[in-house]
Amino acid sequence: MRRIGILCLVLMVVGAFGAFANGQQEVEGLVEFDLWTQADEATNELPYLESLVEEYMEENDLVSIDVADMGTEDLREDFQTASIAGEAPELLWTVNDHAGPFTLARIIQPIDDIWEPIGDNLVEPEVLDDQVYGIPITSGNHLMLMYNKQYMDEPPQDTDEFKQMAQDIADEHGVHGFSYNATEPFWLVPWLGGFGGEVFAADGVTPTLDTPEMVQTLEFLYEIQHEWDFMPAEPDADTTDSLFQEGEVAMIISGDWAIGSYEDELGDDFGVARIPRVSETGEWPQPYTSGKYWMVANHVEGETREIIEDFIHWSLTEERQLELTQTVGALPAHVDVLDHPEITEDPILAGSASQLEVGTPMPSVPQMRANWDAMRVEMNLVLADDKDPAQAAADMQQGAEAAIEDMDIDDQL
Amino acid sequence: MERFTLGFVISSLEEAGSIILGIVLVVVLLQVIAYVVLHHGLKARLALPLTLLVPAAVGLAVLTGYPLLYNVWLAFTNMSLQHISPHVDPDFGVGQFIANIRRVFTRPVLHSEHFFPVFGRTVAYTALQVTFHVSIGLFLAMCLNRRMKLRGIYRTLILIPWAIPQIVAVLTWRTEFHFQYGFVNILLRNFGHSGFFWLSDRMTNWIAFNLVNIWLGVPFMSVILLGGLQSIDPNYYEAAEIDGATWRQRFRNITLPMIRPVLTPAAILGWIWTFNMFNVPYFINARNFESSDILVTALFRAAFEYNRYGFAAAFSIVVFVILLIFTVFYVKISGLELTKKASQKMK
Amino acid sequence: MSSSHQVISHGSPLSPPTRRELIARHGFFNWFFRTARGDAPYQRVLIHLVLIAACVITVYPLTRILSVSLRPGDALLSTTMEVIPENATFAAYYNVIVQREFLIWIWNSIIVALSGSFIGVAIAATGAYAFSRWDFPLKVPALIFLLCTQMIPAPMMVVPIYIIAANLGILNSWIGIIVAYSVQSTPFSIWILKGYYDTVPYELEQQAMVDGSSHLGAFYRIILPLSTPALAIAFLFNFTQAWNDWVLARVMLTNDLYYTWPLGVNRLQGQFTTLWSEFYAASFMISIPVLALFLASSRFLISGLTLGSVKD
């Protein structure tokens, strides 16, 4: 024990002198930049990105890319903090809703010229003020109906059938018929779309939450929670996920990020379909769709920018996009790959793609955050039987308006 | 594991070693300079104590002094998302400061609640928590403060909440409070109660978050107080026992006064930490009920989720001033002897 | 439960009576409830019961963490209550250690937390001594200022600290994080140590100084050894603060070779998905070094010296 201690001490002292003696070697002409990502370790997305970067650096000796990964919210906060300090990373791989605040803060730059040469191959970019700010890497990140084939052969087509089916399964098998993450308004918006509502007016920034459609949506969520008897109490992400993996619930609503682990867990019993039509309106629910996008920091210019342009183009070829889909399971941004048999013949990916068709792009304006928070609070109060839907919708609108007012967004800047 | 190699271990030891050595050298150098200047240069009477304080003072000036000033500066600006970029400087001025402060008191903190209800709840929660932490902590410490079997084991096990990463502990508790599958309700059902909606009901959610915070706060307090109890000479108790003092008299006349030098700072720090506790209220309240928010979680949301930096800085200054007033007040009434002894004994 | 500790032979001819003798002399009831000196046996039983209950409450979540970490799949919640799940597997542990850089995270955390707390406690130990033994101008305001530093909500420190670190060029190196950790808990350590030094009588140092020791010599030879419990508490506190820190580490370290465990483990949590079993396996393993440290330090938490030497 003591010997180890002495050894450590000696190493430290030696190192101390070594560290002072040895300066950093510079490689002539080396272009270095930082890439921040919120890619998930859980979905293989991060390992994929890391291997992508490795490969690019092997092909280009004079490029060195440093990848740092962090949580979604952390990336937003830290990118803002780093921009205040003037130390922001050059390139981002992140979700589309970050484009809104970053554009408003003027910490990312328009990249129309990078988009132009490859635009025809890809799905829509992230456009704000008529300029391209984000180039798509994946599309999707959307909610869909997932079901366990042990309990049903065909998924329900509309909400009336859905409720009856869920109840029958619950009665017959003693499991829950349905569960979803009832704490997050991300799970409310598909239904709102199905009832014909939208969170913003046509201008894209004025909240429209106090509407009959919102009241109907809240009533619907309340009904399946309290008036039927097929849902678990206090359903949230963890409950839903655990129950589905253990085969204790027949249907859930979850996102494409979970597909991989459910395929592993349930095997052939796992099915994916569109969220059933709302019987009252006959419309499909419209989950928000987004995806991962490349964004370039404001200060990037010159040679670094050229390298980044090359890297982005290089990363979005058909072959790499296909590889991305195969490793990560997310739908690609490349339109040709979307029609690839790899996707159309895979029932799960095809189901996910079919849901994507009726999805609606998630607003990326910063005002959306005020909407999310207002919806989250009131939705939870309704589900806790603490407030009636009409009152909740009114309070949502008021909360969102107040928050937006306090955000001090100045159109003049 | 690929990258965890002997080379990595050695190089990190080298880096850490050189840093420690460097810091020690800098600290010693600072102290020598300070001593020479103070003692031989200025012939200061207090050269030695001031020298001893130099390293802490320098470190704190950089790492807390500057951030404090930065926040004061922020409070005088309208810093927001649109002023982050180096090209757009925020407006600076007393007017901004007044506007920020006025907002703290006149606008809802988040959605509907204003400053004072949230503040009142935060104070109530803090008072409740510190009372529980100190009383349960002292009770456990007194139980442990004796020669007994298994003492080492108890002491270690009681510290477990402090050893588990806080966020993990809180997430674990959140699942244990689930209506259907959580242990708490399962236990209640064994006693014939149907259980509570700990997560989705506003009132019980507040209770759940308090319970978790007690679980988290008691161990630390009990160890600090055990340290205090250890410093009491057992002869006092023996003498009191021979004089026929009751249990209560011994507690009142020996234990409490003797551990006060340790108890008071611990209680003040406990108060401040509880007031600023973030993880428990933030994570137990997954449904974002305003009724379970305390000032610091509300502040966090204001600063980072809405990017109202200037407002948040003003908010934190208001919180800061309140805590400061409380602390000064508490130091006064608790009769904490900050100076008396030293002046009596040391020259 | 017994008082057998007290039976340790002191080499004195009058060794205390054994338990059996006492029961025989007073009868069981009187012995159990009315022993006059020290704790009556029934009190000891009660105390043990209380402590066992407390331990059950504190340990319980750890068993849940263990349980989740052993589950196949990534379910956080379980519909069953058993600690060792069906099909328990160590796969998550294997994945965390072999496929991820868990050992790097832990190693970095150990280095950073140990270095930070050694330096931090050293700085605080001398600083607190100055506060305890001398009066100097602005002493009370300085003490209160120390407390104030704890009052700034942590999230508000992030931006300014990042700016300093960026300007000093110490992002992604250990110098920044170690210095930050040393200073972070200094106010707490100074308060606790000052409180403890205050309970140590001045006569002890004065005696030593009369015997020819310098003031600092008296501090190192008399005060420090007497204060081991407080030093141990301060060290433990510094260590756990640095060990669990996420706010500072997040902004100062982005290179994954420098990752401490909170940053590494955070990777396992995605926006909507979390690798729960790996997350909990890592958490369980992370708790172990801290517990070991607590165990190892427990003999320092008990001051043997004060009890004997501080008789006036």
Side-chain angles (χ1 to χ4, degrees), chain B residues 1 3-4 12 15-16 19-20 23 46 49 52-53 55-56 59-60 63-64 66-67 70-71 140 143 147 152 154-161 163-166 168-169 172 175 181 224 227 230-231 233 261-262 265 269 272 276 296 299-300 303 316 320 323-324 327 338-339 342-343 345-346, chain C residues 5 47 50-51 54-55 58-59 61-62 64-65 76-77 79 98 101 103-104 111 115 119 123 126-127 130 133-136 140 143 147-151 153 155-157 160-161 174-175 178 180 183 186 191 195 198-199 202 229-230 233 244 283 286-287 290-291 294-295 298 302-303 306 310:
Chain B
M1 205 162 64
R3 291 153 80 184
F4 190 74
S12 64
E15 189 178 345
I19 287 168
I20 295 177
I23 294 176
L46 294 166
L52 292 177
L53 286 171
L60 285 167
L63 275 145
T64 56
Y66 174 78
Y70 183 84
N71 271 320
L140 288 179
C143 286
R147 285 163 169 270
Y154 289 142
R155 209 172 40 218
T156 309
L157 291 185
I158 283 180
L159 274 175
I160 280 183
I164 304 176
Q166 207 175 59
V168 179
T172 310
T175 62
Y181 305 111
I224 291 193
Q230 293 283 315
S231 70
D233 189 338
V262 178
L269 285 162
I272 293 169
N276 278 335
V296 61
L299 174 71
F300 175 80
S316 71
F320 182 87
L323 281 171
L324 184 64
T327 308
L338 288 174
T339 52
S343 55
K345 304 243 177 163
M346 230 44 180
Chain C
H5 277 97
I47 286 168
V50 165
L51 290 172
C55 289
T58 53
V59 173
L62 200 62
R64 301 303 301 169
I65 290 171
L76 172 62
L77 211 72
T79 47
V98 176
E101 300 294 346
L103 295 177
I104 287 194
I111 286 204
S115 327
I119 298 171
I123 291 175
T126 53
R133 292 306 198 245
W134 281 276
D135 279 331
F136 44 85
V140 175
L143 275 171
L147 271 185
C148 291
T149 61
Q150 307 289 298
M151 297 176 196
M156 299 308 294
M157 306 287 281
I161 286 186
W174 277 346
I175 175 102
I178 289 178
V183 176
T186 308
W191 267 83
D198 283 352
T199 66
Y202 296 84
I233 289 171
N244 287 323
S283 305
I286 286 156
S287 311
V290 186
L291 279 179
F294 284 178
L295 261 180
S298 62
I302 300 307
S303 165
T306 6
V310 191

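Here the structure is a predicted model, which means the values were calculated and not measured. Throughout, a chain's letter reflects where its sequence line sits, starting with A, and its residues are numbered from 1.
- At distances below 3.5 Å, not a single donor-acceptor pair connects side-chain atoms of C:T58 with backbone N or O atoms of B:P161.
- Residue B:I158 touches chain C through both its backbone and its side chain, counting heavy-atom pairs closer than 4.5 Å.
- Scanning all heavy atoms of the two residues, the minimum distance from C:I233 to B:G227 falls at CD1-CA, 4.3 Å.
- Interface residue B:I23: only side-chain heavy atoms are found under 4.5 Å from chain C.
- Closest of all the heavy-atom pairs between B:P165 and C:S283 is CD-O, 4.2 Å.
- Taking all atoms of both residues into account, the shortest heavy-atom contact from C:P160 to B:Y66 is O-CE2, 3.8 Å.
- Residue contact with chain C, scored on non-hydrogen atoms closer than 4.5 Å, involves the backbone and the side chain of B:I224 alike.
- In this structure, CD1 on C:I175 lies 10.5 Å from CD1 on B:I20, to the nearest 0.5 angstrom.
- Heavy-atom distances place both the backbone and the side chain of C:A180 under 4.5 Å from chain B.
- Neither the backbone nor the side chain of B:A169 comes within less than 4.5 Å of any heavy atom of chain C.
- C:I111 is listed as a side-chain neighbour of B:S12, based on a closest heavy-atom distance under 4.5 Å.
- Proximity to chain B involves both the backbone and the side chain of C:L103, based on heavy atoms less than 4.5 angstrom apart.
- Heavy atoms of C:I119 lying under 4.5 Å from chain B belong exclusively to its side chain.
- Comparing C:N244, C:L291, C:I178, C:T186 by heavy-atom pairs within less than 4.5 Å of chain B, the highest count is held by C:L291.
- Between C:A130 and B:P49 the shortest heavy-atom distance is CB-O, 3.5 Å.
- Note that CZ of C:F136 and CG of B:L53 are 4.5 Å apart. Values are rounded to the nearest 0.5 Å.
- Contact annotation: the side chain of B:T64 approaches that of C:M157 to within less than 4.5 Å [non-hydrogen atoms, C-beta and beyond].
- Note on B:I272, B:L140, B:L324, B:V296: by heavy-atom pairs under 4.5 Å with chain C, the leading option is B:I272.
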